[in-house]
Amino acid sequence: MSFTTDGVVIKITKTGESDRLLYILSRGRGVIKAFAKSANRPKNKLHSSTNLFCYSNFTFYEGKTALKVTESEVKETFFGLTEDLKNLALAQYFSDLAVSMIPESVETDDILRLHLNSLYFLSKKLKKPETVKPVYEMRLMSDIGYMPGLVACAKCGKFETPVMNFDPLTGILLCSDCADNHSLDLPLNVISAMRQICYADLNMIFSLKLSDENLSILNNTTEKYLLNRSEKNFRTLRFYNSL
């Protein structure tokens, strides 16, 4: 039995002499693991369409023990990522997140769109990595079931105070009167940006209007939230932050 779907390659593991085990963030079928025979050979028909970050149309054959890629056609390569080390490092971090964080049961169409949009903005240099990173982190967490509670203060119900507090351990919002030692003091426009990322349509989430200082605060907040909730350490994130 075979099936065809679009997807973006988020991880490659070399197997045997020239085969690849692909992790593909797909449309409608979650993260697919499939073997691509001889794809590591440059002259192989599957080579160019199964590279990391490549968005392709894949045809899979369901074998007795594993899926195999039988055909693939390139739709987008995001070649521009290779022109900037920081953008490339961030794209590698996004791939790492997708492999590590997306459960098998979650619907991935919106996540695939988020991933592709993020790679596109970085590849074309249309958005700064400091803008793309917090959007990807917070929206991914929301889409896989870890959406923070940003509507109002979790204790008293206040919608806004001049300074709001966000707890990166639990993902709850607190007003200045209800804040505790674990929460982060955040300017109101940073809270508004977080609400936009989590609740707005995908077409709107990258349209953040923040100063460099507040964008830095947003990056720090979304990163802390993701690391706390995931309880994981990401080598690719450490490398990105070192640049």
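All residue numbers refer to positions in the sequence shown, counting from 1. Just so you know, these numbers come straight off a predicted model, no measurement behind them.
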Student: Under a 4.5 Å cut-off applied to non-hydrogen side-chain atoms, are Arg229 and Pro148 in contact?
Tutor: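 Arg229 vs Pro148: side chains apart.
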
Student: Report whether Phe206 and Met147 are members of the same hydrophobic cluster (ILVMFWY, side-chain heavy atoms less than 4.5 Å apart, transitive linking).
Tutor: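 Yes, Phe206 and Met147 fall within the same hydrophobic cluster.
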
Student: If only atom types and distance count, is the side chain of Ser216 paired as donor or acceptor with the main-chain N or O of Asp212 below 3.5 Å?
Tutor: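 No: the side chain of Ser216 does not pair with the backbone of Asp212.
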
Student: Taking side-chain contact (heavy atoms from CB on, under 4.5 Å) as the criterion, tell me which of Leu140, Val132, Thr236 meets it with Phe94.
Tutor: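 Checked Leu140, Val132, Thr236 against Phe94; only one passes side-chain contact (heavy atoms from CB on, under 4.5 Å): Val132.
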
Student: Apply side chain to side chain donor-acceptor pair (under 3.5 Å) to Glu83 and list each qualifying residue two or more places apart in sequence or on a separate chain.
Tutor: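 Applying side chain to side chain donor-acceptor pair (under 3.5 Å) to Glu83 gives Lys125.
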
Student: With rounding to the nearest 0.5 Å, note down the distance linking CE in Met141 to SG in Cys198.
Tutor: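 SG of Cys198 is found 10.0 Å from CE of Met141.
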
Student: Could you list all the side-chain hydrogen bond (donor to acceptor under 3.5 Å, both in side chains) pairs where at least one residue sits in residues 109-118, not counting sequence neighbours?
Tutor: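 For residues 109-118, and leaving out neighbouring residues, the side-chain hydrogen bond (donor to acceptor under 3.5 Å, both in side chains) pairs sorted by first residue read Arg113-Asn203, His115-Tyr136.
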
Student: Name every donor-acceptor pair, under 3.5 Å, that has one atom in a side chain of residues 185-197 and the other anywhere in the protein, sequence neighbours excluded.
Tutor:
from	atom 1	to	atom 2	distance (Å)
Asp185	OD1	Asn165	ND2	2.3
Asn189	OD1	Asn214	ND2	3.3
Ser192	OG	Leu188	O	3.1
Arg195	NE	Leu150	O	2.7
Arg195	NH2	Leu150	O	3.1
Arg195	NH2	Val151	O	3.2
Arg195	NH2	Phe159	O	2.9
Gln196	NE2	Met204	O	2.7
Gln196	NE2	Ser207	O	3.3

Student: From Ile111 CD1 over to Leu116 CG, what is the distance, rounded to the nearest 0.5 angstrom?
Tutor: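 The CG atom of Leu116 is 12.0 Å from CD1 of Ile111, to the nearest 0.5 Å.
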
Student: Tell me, please, which residues at least two apart from Phe239 pass ring pair (Phe, Tyr, Trp, His ring centres under 6.0 Å).
Tutor: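 None.
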
Student: Which atoms form the tightest heavy-atom contact between Ile10 and Ser95, and what is the distance?
Tutor: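 The answer is O-CB, 3.2 Å.
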
Student: Answer whether the closest heavy-atom distance between the side chains of Cys156 and Cys175 falls below 4.5 Å.
Tutor: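 Of all side-chain heavy-atom pairs linking Cys175 with Cys156, at least one is under 4.5 Å.
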
Student: Taking ring pair (Phe, Tyr, Trp, His ring centres under 6.0 Å) as the definition, give me every residue that meets it alongside Phe53, ordered by chain and number, with sequence neighbours left out.
Tutor: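 Per chain and number, Phe53 pairs via ring pair (Phe, Tyr, Trp, His ring centres under 6.0 Å) with no residue.
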
Student: Can you tell me how far apart OG (Ser100) and CG (Asn233) are? Round to the nearest 0.5 Å.
Tutor: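 If I round to the nearest 0.5 Å, the distance is 11.0 Å.
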
Student: In Å and rounded to the nearest 0.5 Å, what is the CG to OG distance from Asn44 to Ser18?
Tutor: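 OG of Ser18 is found 7.5 Å from CG of Asn44.
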
Student: Indicate every side-chain donor-acceptor pair of residues 67-78 with a distance under 3.5 Å to a residue at least two apart or in another chain.
Tutor:
from	atom 1	to	atom 2	distance (Å)
Thr70	OG1	Thr59	O	3.3
Glu71	OE2	Lys45	NZ	3.2
Ser72	OG	Ser49	OG	2.4
Lys75	NZ	Asp6	OD2	2.9
Glu76	OE2	Phe78	N	3.1

Student: Please output the side-chain donor-acceptor pairs of residues 23-31 that fall under 3.5 Å, not counting sequence neighbours, one pair per line with the distance.
Tutor:
from	atom 1	to	atom 2	distance (Å)
Ser26	OG	Arg29	N	3.2
Ser26	OG	Gly30	N	3.3
Ser26	OG	Gly30	O	2.7
Arg27	NH2	Tyr55	OH	2.6

Student: Apart from Leu174 itself, which Ile, Leu, Val, Met, Phe, Trp or Tyr residues share its cluster (side-chain heavy atoms under 4.5 Å, direct or through members)?
Tutor: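 When side chains under 4.5 Å apart are linked, the cluster holding Leu174 also contains Ile172.
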
Student: With heavy-atom distances below 4.5 Å as the criterion, would you say the side chains of Phe60 and Leu22 are in contact?
Tutor: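 Counting from C-beta outward, Phe60 and Leu22 never come under 4.5 Å.
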
Student: Report yes if the side chains of Leu184 and Pro168 come closer than 4.5 Å at any heavy-atom pair, otherwise no.
Tutor: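 With C-beta onward as the side chain, the pair touches.
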
Student: Compile the donor-acceptor pairs under 3.5 Å between side chains in residues 85-92 and protein atoms, sequence neighbours left out, one pair per line.
Tutor:
from	atom 1	to	atom 2	distance (Å)
Lys86	NZ	Glu130	OE2	2.9
Asn87	ND2	Leu122	O	3.3

Student: Would you call Tyr240 and Phe234 a side-chain contact if the rule is heavy atoms closer than 4.5 Å?
Tutor: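 Not touching, per the 4.5 Å side-chain cut-off.
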
Student: Honestly curious: do Met138 and Leu210 fall in one hydrophobic cluster under the side-chain, below-4.5 Å linking rule?
Tutor: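 Yes, Met138 and Leu210 fall within the same hydrophobic cluster.
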
Student: Given Asp19 and Ser38, is the side-chain contact (heavy atoms from CB on, under 4.5 Å) satisfied, shown in steps?
Tutor: CA-CA 4 Å; Asp19 299 344; Ser38 301; 4.1 Å; yes

Student: Apply side-chain contact (heavy atoms from CB on, under 4.5 Å) to residues Leu202 and Arg139 and explain how you reach the verdict.
Tutor: CA-CA 9 Å; Leu202 279 166; Arg139 188 62 175 232; 3.9 Å; yes

Student: Answer yes or no: is there a side-chain heavy-atom contact under 4.5 Å between Leu226 and Leu237?
Tutor: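 Answer no - side chains too far apart.
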
Student: Scan Asn51, Thr13, Thr15 and name whichever one has a side chain to side chain donor-acceptor pair (under 3.5 Å) with Arg20.
Tutor: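 Result: among Asn51, Thr13, Thr15, Asn51 is the only option passing the side chain to side chain donor-acceptor pair (under 3.5 Å) with Arg20.
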
Student: Looking at side-chain heavy atoms only, is the closest gap between Glu62 and Phe3 below 4.5 Å?
Tutor: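 When only atoms from C-beta onward are counted, Phe3 and Glu62 do touch, with a gap below 4.5 Å.
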
Student: When Ile, Leu, Val, Met, Phe, Trp and Tyr are grouped by side-chain heavy atoms lying under 4.5 Å apart, directly or through other members, which residues fall in the same group as Val163?
Tutor: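 Cluster partners of Val163: none, it stands alone.
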
Student: For Lys37, give me all partners under salt bridge (charged side-chain N to carboxylate O under 4.0 Å, His left out), at least two apart in sequence or on another chain.
Tutor: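 Listed in chain order: nothing, the list is empty.
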
Student: Does any non-hydrogen side-chain atom of Thr131 lie less than 4.5 Å from one of Phe121?
Tutor: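 No. Closest side-chain heavy atoms not under 4.5 Å.
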
Student: Measuring from Leu52:CG to Leu81:CG, what's the distance to the nearest 0.5 Å?
Tutor: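 Output value for this atom pair is 9.0 Å.
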
Student: Step by step, work out the side-chain contact (heavy atoms from CB on, under 4.5 Å) result for Met164 and Lys158.
Tutor: CA-CA 10 Å; Met164 300 292 285; Lys158 288 180 183 176; 5.7 Å; no

Student: How long is the gap from CG on Asp167 to SG on Cys178, to the nearest 0.5 Å?
Tutor: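 The SG atom of Cys178 is 12.5 Å from CG of Asp167, to the nearest 0.5 Å.
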
Student: Checking Thr170 against His182 for the side-chain contact (heavy atoms from CB on, under 4.5 Å) test, could you report, in this order, the C-alpha distance in whole Å, the side-chain angles of both residues, the deciding distance, and whether it holds?
Tutor: CA-CA 9 Å; Thr170 61; His182 299 295; over 6 Å; no

Student: Report yes or no: does Asp96 contribute a side-chain atom to a donor-acceptor pair with the main-chain N or O of Val99 at less than 3.5 Å?
Tutor: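 No, Asp96 side chain to Val99 backbone: no donor-acceptor pair under 3.5 Å.
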
Student: Look at the side-chain heavy atoms of Ile, Leu, Val, Met, Phe, Trp and Tyr, link any pair under 4.5 Å apart, and say whether Phe35 and Tyr61 land in one connected group.
Tutor: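 No, it is not one cluster - the side chains of Phe35 and Tyr61 are not joined through contacts under 4.5 Å.
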
Student: Which heavy-atom pair separates Ala200 from Ile205 by the least distance, and what is that distance?
Tutor: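 What the structure gives for the nearest pair is O-CG2, 3.8 Å.
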
Student: What residues, two or more places apart in sequence or in another chain, satisfy side chain to side chain donor-acceptor pair (under 3.5 Å) together with Glu223?
Tutor: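 Residues passing side chain to side chain donor-acceptor pair (under 3.5 Å) with Glu223: Lys133, Asn241.
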
